[in-house]
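Below is one structure, written out as structure tokens; comments come after it.
In listed order, ligands and their atoms are each counted from 1. Bear in mind that the values here come from a model prediction, so they are computed numbers and not experimental data. Because only heavy atoms are used, hydrogens play no part in the values below, and waters and symmetry mates are left out as well, while side chains stay in.
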Amino acid sequence: MSKMIIVSNRLPLNIGIENENLNIKPSVGGLATGMRSVHNTHESIWIGWTGLTEDELLPETLKKVNTAVEKENCIGVPLSRKDVDLYYYGFSNKTIWPLFHYFTEFAEFKKEYWDAYCEVNQKFADVVVKNCKNGDTVWIHDYQLLLLPKLIKEKVPEVSIGFFLHIPFPSYEVFRIIPWRTELIEGMLGSDLIGFHTYDYERHFLSSVRRLLGYEINFNNINLNTRIVKADSFPMGIDYDKFHNAAVQHLSKSISDKSDIQQQLDKHTLSSPDIKLILSIDRLDYTKGIAKRLYAYEYFLEKYPEFQGKTSLVMLAVPSRANVDQYQIMKSEIDELVGRINGKYASITWSPIWYFYRSMPFENLIDLYTSCEIALLTPIRDGMNLVAKEFIASKVDKKGVLILSEMAGAVKEMSEALLINPQNYEEIADALKKAIQMPEDEQIERNTIMQNRLQRYNINRWALDFINSLNKVIEDKEKYIAKKMNTSILNKITNTYKNADKRILFLDYDGTLVGFKDKPIDAYPDNELYAFLDKLAADPKNEIVLISGRDKDTFAQWFGNKNYTLIVEHGVWIKSPKESWRLIQQMNNDWKENIKPIFEFYVDRTPGSFIEEKNYSFVWHYRKVDPELGPMRANELKYDLTALVANHNLEILEGNKVIEIKNSGINKGRAALYKINNIHYDFILGVGDDWTDEYLFQDLPAKAYTIRVGLKNTLAKYNVDTVNDVRDLLKKLSE
Ligand code: GDG
């Protein structure tokens, strides 16, 4: 039976060792919390690091750890202290984490970090490959494992791979700073599906793919020529019922069942009934904007002194990555700030900030979510922020106010919260005042909408959407594989060819017989191409027709003295061997002088583009234009031309990085039929690579073998991956 393999840097377990005894607890953190329910409800194993470095463990302890981990359906990836220092604290947390959160000044680019990152990703790959088989689904998580999809795909191509990034994907301008940016993107593209929390992160990723690797992207499908990789956004949900039900149960607890924290909170609110508790919970991380939040809170107390003694900020900061310098510096800064603000404002009966620097059990988390009326979450950047969602889910009576940074991914689904810019203390202070004074019915109205949404799009739905989407990508791939050329199809074609007495081969040129070059004139025919085409053309049973969008002068120069028929400008001109060019049908080109200025205008304002002028058409080439600008300008040009085409009986063709305008009704299909002209052929082949060739595939008789190069939706009967596959087929036929 096929299974799901979840892979993340850390297993969702915290393993403690005391006197050689193991103490295993579920770990906290967004990813672990979220994926645990997927792990529990699917037939799955989880692969990741145990949190213990193997070189520091006794062999007996290691054995015990492995057995305990196995019981949880987990498999550990063995890492040494050095691996962890360089790969986790190094490249993951000193290079990727700061950069992806736009803290470019914190990012370090050390070769030894990078080398360790590559090595450890390989270690993960080895464990995954050892434990997976065809038909399994591998779901990889997060920024520590960006290279893993490619490493797995290379070894086991038939396994479906999904990747989810839990942190933001930055704009290309920031991403490009990393010296190893291309390797990272290529690593991610080993996946079949790549998920992000928001559309913005997805858009940034696609822009980096386009700019760094130049792949064609159709909506959110990246065409790697041999495979399609899909990028999509899946805003991660929470286990809504778990939080909501825990909050319901919590409210019905008797005093003796309540936790110490809850009893203290109750005592406090009993003695000062009109006090409002403001909650903040985060891992202690510079991206979470904790220091700025404290400054903003101080500013609030200053700006609105009437709330002194009336609010307390309950701040839980969970220790995190204490080995990294910035985290230590930040910890001191926060300790100092809390001390200073409390020192400045506290009275005998009131403390402005209650600060907890520790991790708390789930029950205490619920104590805090239910007891605090307001949540103040002000990350500078945050992939999603699950705490915001958990706070709202825990509001059983729907009362409470969420103040949320517009820099958190969660904001896209929580626009009913009070949204603030974390750098704007004025705005935060005003939002706090508004929250304190918000009428209850307004709170209920806002929270009802958010709760309904969170309940619907919960963690299970999120996981299901991701898995369904991955399955869909795989199904589409299978459809493609069904059309893909294989030995048996190849044999069928060669057999029909051998047994035929009258054959015709329609061959497109660019992207079919030769690869693309920056300048079309550089894509000239090579000797090998001439050799096998000549050989084919020398067989009296064959007619070789090169059918292209090229101009007739170039083709005359390259193939004029050859024994091939040439059809150019998509079917305007035809030239049989040893004859001169003639028009397939009469046309005029008076329109050209009106259209030319439009094309010139686009060349002037689009660096890298140029015009190719043919007898009956103009082509605007944008292969060398900035990859983001090119398609945008192409759309504008198409729009400008659309108004003109109807009046002049013209047609716009969109080819591979070209826009062409020409007389309508001319296409390769028509030209091919004109050539066949009721003659009986017992072998017909049509090969092409772009949508201008689709006319050919559509119009050739049903018995024709039609082949499209590249992974595309096509009317052709078969697909091949590259130009080389076409050349191999033709070479085979010529032998
Ligand atoms: C990353 C991204 C993205 C926290 N303290 C305790 C505790 N928690 C739990 C919370 C929540 C989770 O940890 C924190 O999740 P966040 O989303 O807020 O933040 P990150 O850890 O930075 O997570 C983030 C997330 O991945 C998911 O994709 O949202 O943007 O940075 O679930 O409840 N749980 C317990 N005790 C604590 O003291 N039990």
Side-chain angles (χ1 to χ4, degrees), residues 6 8-10 12-14 25-38 92-93 96-98 100-103 139-145 163-170 195-198 200-201 233-240 242-244 246-247 259 261 279-290 314-321 327 355-370 375-394 402 404-405 407-414 454 458-459 462-463 466:
I6 302 170
S8 64
N9 170 54
R10 280 293 297 271
L13 310 166
N14 263 329
K25 278 195 290 196
S27 55
V28 297
L31 190 159
T33 320
M35 285 305 290
R36 196 172 290 118
S37 46
V38 180
S92 301
N93 287 325
I96 302 184
W97 178 271
F100 278 36
H101 286 89
Y102 295 79
F103 283 78
W139 188 353
I140 302 165
H141 292 266
D142 230 359
Y143 64 104
Q144 302 90 348
L145 301 174
F163 180 90
F164 191 84
L165 186 70
H166 289 260
I167 65 173
F169 194 95
F196 302 89
H197 282 306
T198 72
D200 284 338
Y201 309 154
S233 56
F234 304 88
M236 187 174 179
I238 55 163
D239 188 343
Y240 184 90
K242 179 176 156 196
F243 283 89
H244 195 78
S259 67
I261 287 197
L279 177 67
S280 100
I281 298 186
D282 327 76
R283 268 185 317 97
L284 193 81
D285 197 294
Y286 50 81
T287 60
K288 305 283 183 183
I290 303 173
V314 181
M315 195 169 91
L316 171 62
V318 182
S320 177
R321 303 172 200 165
Y327 289 72
Y355 174 38
F356 304 89
Y357 175 63
R358 67 181 102 135
S359 171
M360 287 191 180
F362 178 71
E363 298 68 45
N364 290 145
L365 214 59
I366 297 296
D367 294 339
L368 296 182
Y369 283 148
T370 49
L376 178 62
L377 304 172
T378 60
I380 311 283
R381 288 278 164 184
D382 209 340
M384 171 54 72
N385 195 304
L386 299 178
V387 172
K389 296 185 169 184
E390 294 165 2
F391 173 74
I392 293 296
S394 309
L402 170 65
L404 181 60
S405 160
M407 302 296 179
V411 97
K412 307 274 177 215
E413 302 153 87
M414 305 189 87
L454 294 176
N458 62 12
I459 183 74
W462 169 77
F466 186 89

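- Under the 30°/60° scheme for interplanar angles, the aromatic rings of Phe391 and Tyr369 are found to stand perpendicular.
- Considering backbone and side-chain atoms alike, Leu316 places every N or O at 3.5 Å or more from each N or O of ligand 1.
- Here is the list of ligand 1 atoms found below 4.0 Å of a heavy atom in Met236: 27 (C), 28 (O).
- Of all atoms in ligand 1, listed by their number and element, those nearer than 4.0 Å to a heavy atom of Phe362 are 39 (N).
- Residue Val318 approaches ligand 1 through these ligand atoms, each under 4.0 Å from one of its heavy atoms: 5 (N), 6 (C), 38 (O).
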Under the side chain to side chain contact (heavy atoms under 4.5 Å, CB included) criterion, do Ile281 and Glu390 qualify, and how do the steps go? CA-CA 11 Å; Ile281 298 186; Glu390 294 165 2; over 6 Å; no
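- Ligand 1 places these atoms under 4.0 Å from at least one heavy atom of Val387: 18 (O).
- Taking the six-membered ring for Trp and thresholds of 30 and 60 degrees, Trp462 and Trp139 have ring planes inclined between 30 and 60 degrees apart.
- Atoms of ligand 1 found under 4.0 Å from any heavy atom of Leu365 (numbered from 1 in listed order, with element): 6 (C), 7 (C), 33 (O), 34 (N), 35 (C), 37 (C).
- Listed by number with element, the atoms of ligand 1 under 4.0 angstrom from any heavy atom of Met360 are 35 (C), 36 (N), 37 (C), 38 (O), 39 (N).
- Distances from ligand 1 to the non-hydrogen atoms of Tyr143 include no value under 4.0 Å.
- Defined by atom type and a distance below 3.5 Å, a donor-acceptor pair is present between the side-chain atoms of Asp285 and Thr287.
- Checked by distance only, ligand 1 and Lys288 come closer than 3.5 Å through their nitrogen or oxygen atoms.
- Close approach of ligand 1 to Gly383 (heavy-atom distance below 4.0 Å) involves ligand atoms 30 (O).
- Residues Phe169 and Phe100 form a side-chain contact, since some pair of their non-hydrogen atoms from C-beta on lies under 4.5 Å apart.
- Of the candidates Asp285, Asn385, Asp142, Ile167, the one placing a heavy atom closest to atom 29 (O) of ligand 1 is Asn385.
- Taking 4.5 Å as the limit, every side-chain heavy atom of Tyr143 sits out of range of all side-chain heavy atoms of Asn9.
- Looking only at side-chain heavy atoms (C-beta outward), Leu165 and Ile167 come within less than 4.5 Å of each other.
- Not a single heavy atom of Ile238 sits closer than 4.0 Å to an atom of ligand 1.
- Listed for the His197 side chain is a donor-acceptor partner under 3.5 Å among the backbone atoms of His166.
- Judged purely by atom type and a 3.5 angstrom limit, Lys389 uses its side chain to pair as donor or acceptor with the backbone of Met236.
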Show the numbers, then the answer: is there a ring-ring contact (aromatic ring centres under 6.0 Å, His included) between Phe243 and Phe362? CA-CA 9 Å; Phe243 283 89; Phe362 178 71; 5.3 Å; yes
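- For His166, a nitrogen or oxygen atom sits less than 3.5 Å from a nitrogen or oxygen atom of ligand 1, counting backbone and side chain alike.
- Every atom of ligand 1 is numbered from 1 in the order shown, and the set under 4.0 Å from a heavy atom of Trp97 is 31 (O).
- Between Arg283 and ligand 1, an N or O atom pair is found at a separation short of 3.5 Å.
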